[in-house]
Amino acid sequence: MDHPLTGRTVLVTGANGGLGEQFVHQALQRGAAKVYAAARTPRTWDDPRITPLRLDLTDPDDATRAAADARDVDVLVNNAGIAPAGDSIAGPEDQLRQIFETNFFGTLRVANAFAPVLATHGGGSLLNVLSAAAWINIPTGYAASKAAMWSATNALRVQLRAQGTHVIGLLVGMIDTPMAASWDVPKVSPASVVAQAYDAIADGSLEVLADDTTRYLKSRLNAPGEELYPWLDQQLTSLVP
């Protein structure tokens with residue numbers, strides 16, 4: 001595998017822990033010269049190649065400021081997101097708006113803010129962390145927001161094609177991070193997910209299916225609705241009785 005991060009500058013949102021922390025460390029392991037570790041409340045890092053950056057996805061001014069402060073970025077990893085406990089599409093509208101403001105509008109806001117920055121570096125790479133929940137009939141705002149962001153990721157690929165930006169969607173099921181701690185199901189390691197994501201930058205992939213469950217699910221999506229949705233209902237029942 002090539003090392004497409006050698007000498008490059010990476011920005012990771014939601015960098016403080018879980019998957020984000022893996023994106024930061026593996027970028028350096030793969031030769032990145034600098035990593036901006038972005039978070040609403042940045043933490044201290046013990047490596048001079050890591051620059052903490054304050055970035056609240058829900059604040060339009062923050063995205064604009066971050067793009068102005070980090071004009072050397074040529075790899076953007078949109079990893080930040082929320083999945084509140086008790087989330088339901090029948091729940092309070094203000095909670096649903098908060099989920100979409102972060103997972104959809106916030107992610108898209110950062111992508112649009114950094115698109116001109118990526119253009120100045122030959123197009124660069126944009127990777128959006130999505131979820132297999134985008135393809136499952138889970139009645140949550142989280143799943144709906146990820147479905148919307150999957151569509152937007154594919155649209156960004158068209159929107160940014162002329163400037164040469166490589167846009168990648170990363171889809172995965174349960175990852176062994178604090179966000180999924182309450183789910184007693186098989187989980188894939190954050191290290192494995194991030195490794196596959198960075199491999200995609202090397203090989204030019206447009207979409208990463210980062211675990212067996214997601215790969216199998218994608219293979220079933222062309223089934224007739226009368227077959228697909230009852231099957232999905234069965235899968236959900238096994239997860240949430």
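These numbers come from a predicted model, not from an experiment.
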Side chain [X], main chain [Y], donor-acceptor under 3.5 Å:
X: Thr165; Y: Val167; answer: no
X: Asn16; Y: Thr41; answer: yes
X: Lys146; Y: Gly141; answer: no
X: Thr102; Y: Ile99; answer: no
X: Asn103; Y: Ser145; answer: no
X: Tyr198; Y: Phe23; answer: yes

Separation of Ile136 CD1 from Thr140 OG1 (nearest 0.5 Å) = 9.5 Å
Sequence neighbours excluded, every pair satisfying ring-ring contact (aromatic ring centres under 6.0 Å, His included) that has a member inside [range]:
range: residues 82-133; result: none
range: residues 25-81; result: His25-Trp45
range: residues 60-91; result: none
range: residues 47-97; result: none

Residues 217-224, side-chain donor-acceptor partners within the protein, below 3.5 Å, at least two apart:
from	atom 1	to	atom 2	distance (Å)
Lys218	NZ	Glu207	OE1	2.6
Ser219	OG	Tyr216	O	2.5
Arg220	NH1	Tyr216	OH	3.0

Closest contact, heavy atoms only, [X] versus [Y]:
X: Leu130; Y: Gly169; value: CD1-CA, 4.0 Å
X: Ile138; Y: Ala143; value: O-CB, 3.7 Å
X: Gly225; Y: Pro230; value: O-CD, 3.6 Å
X: Ala37; Y: Ile50; value: CB-CG2, 3.8 Å
X: Val117; Y: Ala70; value: CG1-O, 3.8 Å
X: Leu53; Y: Ala66; value: CD2-CB, 4.0 Å

Enclosure of Gln95 CD (heavy-atom neighbours >12, cutoff 6.0 Å) | yes
Take Leu5 and Gln26 through the test side-chain contact (heavy atoms from CB on, under 4.5 Å) and record every step on the way to the result.
-> CA-CA 10 Å; Leu5 298 186; Gln26 286 198 37; over 6 Å; no
In this structure, would [X] and [Y] fall into the same cluster of hydrophobic residues linked by side-chain contacts under 4.5 Å?
X: Leu170; Y: Leu206; result: no
X: Tyr142; Y: Ile89; result: no
X: Leu96; Y: Ile82; result: no

Can you confirm whether [X] sits close enough to [Y] that some side-chain heavy atom of one is under 4.5 Å from a side-chain heavy atom of the other?
X: Leu118; Y: Gln163; result: yes
X: Val129; Y: Met149; result: no
X: Val77; Y: Leu11; result: no

State whether Asp72 and Arg8 are salt-bridged, where the test is any N-O pair (Lys NZ or Arg NE/NH1/NH2 against Asp/Glu carboxylate O) under 4.0 Å.
-> no
Side chain to side chain contact (heavy atoms under 4.5 Å, CB included) partners for [X], two or more places apart:
X: Ala80; result: Thr13, Leu57
X: Arg54; result: Pro42, Asp62, Arg65
X: Ala33; result: none
X: Ser192; result: Val188, Ser189, Gln196

Just checking, any donor-acceptor pair under 3.5 angstrom between side chains of Asn128 and Thr153?
-> yes
Sequence neighbours excluded, which residues qualify as side-chain hydrogen bond (donor to acceptor under 3.5 Å, both in side chains) partners of Arg109?
-> Glu101
Applying side-chain hydrogen bond (donor to acceptor under 3.5 Å, both in side chains) to Ser205 and not counting sequence neighbours gives Asp203
Begin from the C-alpha positions of Lys34 and Thr51 and carry the test side-chain contact (heavy atoms from CB on, under 4.5 Å) through to its verdict.
-> CA-CA 7 Å; Lys34 181 179 182 179; Thr51 300; 3.5 Å; yes
Going through the distances and angles, do Val75 and Ile201 end up as a side-chain contact (heavy atoms from CB on, under 4.5 Å)?
-> CA-CA 9 Å; Val75 178; Ile201 294 178; 4.0 Å; yes
Quick note, salt bridge (Lys or Arg N to Asp or Glu O under 4.0 Å) partners involving residues 84-94, not counting sequence neighbours, are Glu93-Arg97
Step by step, would you call Thr214 with Asp211 a side chain to side chain donor-acceptor pair (under 3.5 Å)?
-> CA-CA 5 Å; Thr214 302; Asp211 61 2; 2.5 Å; yes
Check step by step if side-chain contact (heavy atoms from CB on, under 4.5 Å) holds for Val10 and Val73.
-> CA-CA 6 Å; Val10 181; Val73 168; over 6 Å; no
